[in-house]
Amino acid sequence: MINHIPFNKPFLTGQEIQYIQDAVSSGKISGNGDFTKLCQNFFAQRGFGKCLLTTSCTDALEMAAILIEIQPGDEVIVPSYTFVSTANAFILRGAKIVFADSMKTNPNINADSIESLVTSKTKAIVPVHYAGIACDMDQIMGLAKKYNLFVVEDAAQSINSFYKGKPLGSIGHLATFSFHETKNIHCGEGGMLVVNDDRFKSRAEIIWEKGTNRSAFFKGEVDKYGWVDVGSSFLPSDMLAAFLFAQLERIDFIQSERKKVWDMYYSELKLLEDKGFITLPIVPNYASNNNHMFYMVCNKSYDRERLINHLKKNDINAVFHYISLHKSPYYQTKHDGRELTQSDLYSDNLIRLPLWVGMPEENIKRVVREVKNYYYQEF
Ligand SMILES: *Cc1c(COP(=O)(O)O)cnc(C)c1O
């Protein structure tokens with residue numbers, strides 16, 4: 001019997017339970033405790049602005065939408081090829097989403113297409129660094145400056161990845177990370193808001209703490225605390241932060257293990273690309289690769305379906321990814337009708353291969369062998 005190869009296996013360092021135990025024993029189990037501070041400092045020391053842990057990246061995006069004061073009727077430019085939360089957070093505040101197409105060379109937003117989408121109602125651009133590979137941030141920040149727009153980086157997949165040497169998540173006015181179990185570093189469900197623009201720093205803390213100035217009170221900055229603004233409960237329990245900190249301590253190991261798997265896939269599958277069957281990921285010169293994901297683009301959508309089925313028959317779980325949001329049941333009637341052909345191409349033809357920390361070499365080889373078997377049987 002051959003073993004099943006899952007798409008993802010959440011990595012555990014072995015230290016998570018001990019740190020949760022420590023958080024429980026400390027008697028401070030709610031949010032903004034010692035482990036929360038350790039996690040936030042970890043990022044603050046690496047070139048980010050103010051960092052606030054949240055219960056998800058979705059929550060961090062919702063905080064971003066509140067902070068930039070999205071009003072009904074405002075327009076927000078978002079790639080169509082992304083996860084629903086990138087758009088939903090702004091829809092919840094009444095924004096109209098203007099979907100942008102992806103690039104020909106990778107699924108990131110086509111920065112060349114953004115300027116023609118800007119109107120007098122545009123308030124923000126939300127680039128998503130797909131697979132942890134940077135969007136063209138100089139171009140996007142340049143447009144934001146020219147038209148006085150905010151940039152919220154959806155850096156959900158981008159931990160430890162860079163644009164021209166700057167960490168992703170440190171460039172936009174605001175940025176959001178995810179620590180969902182499918183991401184490189186995780187705590188089951190979790191996220192973080194990064195506030196790089198000083199104008200938002202104190203208000204971000206208030207929104208985070210249910211609209212109160214509780215954080216300022218505990219830091220001794222005000223003598224009593226009360227309700228000062230809108231807000232919600234965006235803080236995770238310190239038990240989750242304890243789990244997360246155990247992962248952050250091992251970030252270098254985690255990244256190097258992921259890189260081994262990614263590099264092996266790339267070199268073993270290059271031949272299929274050279275023969276013209278598939279396209280492998282392209283990492284632009286300005287970007288680094290945090291090996292969040294190994295994807296490839298099939299030339300034909302029927303190849304994608306058949307390849308997934310072939311792998312499934314061989315006990316390998318490979319998966320497709322996003323369906324263009326402008327064609328979703330929720331948004332198709334609201335979309336302005338523009339064709340977004342690259343986004344559709346990735347919706348139909350992109351496949352992701354299994355990748356996790358500790359994936360045995362023989363598993364990687366088996367996946368490669370079955371991908372090759374599929375193409376050699378077909379042609
Ligand atoms: C995972 C992901 C999200 C959502 O993250 P959660 O922490 O599950 O809310 C948002 N955007 C992108 C691009 C993602 O990959």
> Grab the two heavy atoms, one from Ser113 and one from Ala100, that are nearest each other, plus how far apart they are.
OG-CB, 4.2 Å
> According to the interplanar angle, ranging from 0 to 90°, do the rings of Phe277 and Tyr376 count as parallel (below 30°), tilted (30 to 60°) or perpendicular (above 60°)?
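Phe277 and Tyr376: perpendicular rings.
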> Please report the closest heavy-atom contact between Ser102 and Gln342, naming both atoms and the distance.
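Scanning both residues, the minimum pair turns out to be O-CB, 3.3 Å.
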> Given side chains that start at C-beta, do those of Met264 and Val261 come closer than 4.5 Å, heavy atoms only?
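When only atoms from C-beta onward are counted, Val261 and Met264 do not touch, as no gap falls below 4.5 Å.
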> Using a strict 4.0 Å threshold on nitrogen-to-oxygen distance, state whether Glu69 and Arg93 make a salt bridge.
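Judged by the 4.0 Å cut-off on N to carboxylate O distance, Glu69 and Arg93 do not form a salt bridge.
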> Find the distance between NZ (Lys219) and CG (Asn213) and round it off to the nearest 0.5 Å.
11.0 Å
> Taking atom CD1 of Ile364 and atom CG of Asp263, what is their separation to the nearest 0.5 Å?
10.0 Å
> Salt-bridged, Asp198 to Lys201, with N to O below 4.0 Å?
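Looking at Lys201 together with Asp198, the answer is yes, because their closest N to O distance falls below 4.0 Å.
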> Regarding Glu153 and His129, is there a side-chain donor-to-acceptor distance under 3.5 Å anywhere?
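The criterion, which ignores hydrogens and geometry beyond distance, is satisfied for His129 and Glu153.
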> Show the numbers, then the answer: is there a ring pair (Phe, Tyr, Trp, His ring centres under 6.0 Å) between Phe245 and Phe42?
CA-CA 9 Å; Phe245 189 65; Phe42 177 93; 7.2 Å; no
> Which atom names give the shortest non-hydrogen contact between Cys51 and Gln40, and what distance separates them?
O-CD, 3.1 Å
> Should Ile278 and Tyr266 be counted in the same cluster of Ile, Leu, Val, Met, Phe, Trp and Tyr side chains packed under 4.5 Å apart?
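Ile278 clusters together with Tyr266.
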> Are the side chains of Val128 and Ile109 in contact, using a 4.5 Å heavy-atom criterion?
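Sidechains of Val128 and Ile109: no contact.
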> How long is the straight-line distance from NE2 of His292 back to CG of Asn160, given to the nearest 0.5 Å?
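With rounding to 0.5 Å, CG (Asn160) is 13.5 Å from NE2 (His292).
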> With a sphere of 6.0 Å drawn around CG of Asp348, does it hold more than 12 non-hydrogen atoms of other residues, nucleotides or ligands?
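Atom CG in Asp348 is packed in, count exceeds 12.
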> Are Asp101 and Arg338 close enough for a salt bridge, meaning some N to O gap below 4.0 Å?
no
> If you compare all heavy atoms of Pro284 against all heavy atoms of Ile133, which two are closest, and at what distance to 0.1 Å?
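Heavy atoms only, the tightest pair is CD-CG2, 3.7 Å.
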> Surrounding NZ of Lys275 (heavy atoms of other residues, nucleotides or ligands, distance under 6.0 Å), is the total greater than 12?
no
> Quick one: do Lys365 and Glu362 make a salt bridge, cutoff under 4.0 Å?
no
> Is the closest side-chain heavy-atom distance between Glu268 and Val367 below 4.5 Å?
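Of all side-chain heavy-atom pairs linking Val367 with Glu268, none is under 4.5 Å.
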> Check the pair Glu115 / Tyr147 against side chain to side chain donor-acceptor pair (under 3.5 Å), numbers first and verdict last.
CA-CA 9 Å; Glu115 190 157 19; Tyr147 294 100; 2.5 Å; yes
> Say whether Leu52 and Phe234 are linked into one hydrophobic cluster, either directly or through other cluster members, by side-chain heavy-atom distances under 4.5 angstrom.
yes
> Assess the side chains of Tyr81 and Asp344: does a donor N or O sit below 3.5 Å from an acceptor N or O?
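Judged by distance alone, the side chains do not pair up.
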> Does a side-chain heavy-atom distance below 4.5 Å link Asn290 with Gln255?
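Of all side-chain heavy-atom pairs linking Gln255 with Asn290, at least one is under 4.5 Å.
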> Would you give the length of the straight line joining atom OG1 of Thr182 to atom CZ of Arg352, rounded to the nearest 0.5 angstrom?
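The OG1 atom of Thr182 sits 8.0 Å away from the CZ atom of Arg352.
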> How many angstroms lie between atom CG of Asp22 and atom CG of Asp238, to the nearest 0.5 angstrom?
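Reported to 0.5 Å precision, the distance equals 10.5 Å.
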> Quick check: are there more than 12 heavy atoms from other residues, nucleotides or ligands sitting under 6.0 Å from CG of Asp274?
yes
> What verdict does the side chain to side chain donor-acceptor pair (under 3.5 Å) test give for Asp303 and Tyr374, after you've listed the backbone C-alpha separation in whole Å, the side-chain angles of each residue and the deciding distance to 0.1 Å?
CA-CA 9 Å; Asp303 272 336; Tyr374 168 76; 2.6 Å; yes
> Looking at Ser56 and Asp59, would you say the former's side chain and the latter's main chain have a donor-acceptor pair under 3.5 Å?
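The answer is yes, because a donor-acceptor pair under 3.5 Å joins these two groups.
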> Would you say the side chains of Gln377 and Asn373 form a donor-acceptor pair under 3.5 Å?
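The answer is no; no qualifying pair exists.
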> How long is the gap from OG1 on Thr54 to CD on Glu189, to the nearest 0.5 Å?
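Between atom OG1 of Thr54 and atom CD of Glu189 there are 11.0 Å.
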> Under the side chain to side chain donor-acceptor pair (under 3.5 Å) criterion, do Ser178 and His180 qualify, and how do the steps go?
CA-CA 6 Å; Ser178 174; His180 184 266; 5.6 Å; no
> Whether Arg46 engages the ring of Phe43 as a cation-pi pair (distance to the six-membered ring centre under 6.0 angstrom, angle to the ring normal within 45°) should be assessed.
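No - Arg46 does not lie over the ring of Phe43 by the 6.0 Å and 45° rule.
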> Is the ring centre of Phe294 less than 6.0 Å from the ring centre of Trp262?
yes
> Walk me through whether Glu16 and Gln247 qualify under side chain to side chain donor-acceptor pair (under 3.5 Å).
CA-CA 8 Å; Glu16 288 87 351; Gln247 296 254 321; 2.9 Å; yes
> Tell me which one of Val98, Val78, Leu340 satisfies side chain to side chain contact (heavy atoms under 4.5 Å, CB included) with His326.
Leu340
> With a cut-off of 6.0 Å (strictly less than), are more than 12 heavy atoms of other residues, nucleotides or ligands near NZ of Lys312?
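No, the 6.0 Å shell around NZ holds no more than 12 heavy atoms from other groups.
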> Just so I know, are the side chains of Val368 and Asn363 near enough to count as touching, which here means a heavy-atom distance under 4.5 Å?
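Not touching, per the 4.5 Å side-chain cut-off.
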> Does the ring centre of His186 sit less than 6.0 Å away from the ring centre of Phe243?
yes
> Which heavy-atom pair separates Ile29 from Ser237 by the least distance, and what is that distance?
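So the minimum-distance heavy-atom pair works out to O-OG, 3.0 Å.
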> Is there a donor in the side chain of Asn291 and an acceptor in the side chain of Glu257, or the other way round, less than 3.5 Å apart?
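Judged by distance alone, the side chains do not pair up.
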> Considering only NZ, NE, NH1 and NH2 on the basic side and carboxylate oxygens on the acidic side, decide whether Lys96 and Asp74 come within less than 4.0 Å.
no
> Report yes if some heavy atom in the side chain of Tyr330 is under 4.5 Å from a heavy atom in the side chain of Ile91; otherwise report no.
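Sidechains of Ile91 and Tyr330: in contact.
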> Hydrophobic clusters here meaning ILVMFWY residues chained together by side-chain heavy-atom distances under 4.5 Å, can you tell me if Leu149 and Ile171 are in one?
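Cluster IDs for Leu149 and Ile171 match.
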> For Phe35 together with Tyr19, are the ring centres under 6.0 Å from each other?
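Yes: the rings meet the under 6.0 Å criterion.
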> Using 30° and 60° as the class boundaries, would you call the ring planes of Phe99 and Tyr331 parallel, tilted or perpendicular?
perpendicular
> Among Leu235, Leu240, Thr36, Asn32, which residue satisfies the side chain to side chain contact (heavy atoms under 4.5 Å, CB included) criterion with Leu53?
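Answer after filtering Leu235, Leu240, Thr36, Asn32: Thr36.
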> Looking only at heavy atoms, which two atoms of Trp356 and Pro360 are closest? And how far apart?
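Scanning both residues, the minimum pair turns out to be CZ2-CD, 4.3 Å.
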> Tell me if the CZ atom of Phe320 is crowded by more than 12 foreign heavy atoms within 6.0 Å.
no
> Taking atom types as modelled, find out whether Thr13 and Glu249 have a side-chain donor-acceptor pair closer than 3.5 angstrom.
no
> With side chains defined as the heavy atoms from C-beta onward, is the minimum distance between Cys298 and Ile351 less than 4.5 Å?
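Touching, per the 4.5 Å side-chain cut-off.
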> Test of understanding: clusters of I, L, V, M, F, W, Y form through side-chain heavy atoms closer than 4.5 Å, transitively. Do Val84 and Ile323 belong to the same one?
no
> Can you confirm whether more than 12 heavy atoms, excluding those of Lys300, are under 6.0 Å from its NZ atom?
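Incorrect, the count does not exceed 12.
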> So do His335 and Gln332 actually touch side chain to side chain, heavy atoms under 4.5 Å?
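SC-SC contact between Gln332 and His335 ruled out.
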> For the hydrophobic clusters of this structure (ILVMFWY residues joined by side-chain heavy atoms under 4.5 Å, transitively), does one cluster hold both Leu311 and Tyr375?
yes
> Look at the aromatic rings of His321 and Tyr130 and report parallel, tilted or perpendicular, splitting at 30° and 60°.
tilted
> Taking NZ in Lys104 as the centre, count heavy atoms belonging to other residues, nucleotides or ligands within less than 6.0 Å. Is the count above 12?
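Check fails, neighbour count at 12 or below.
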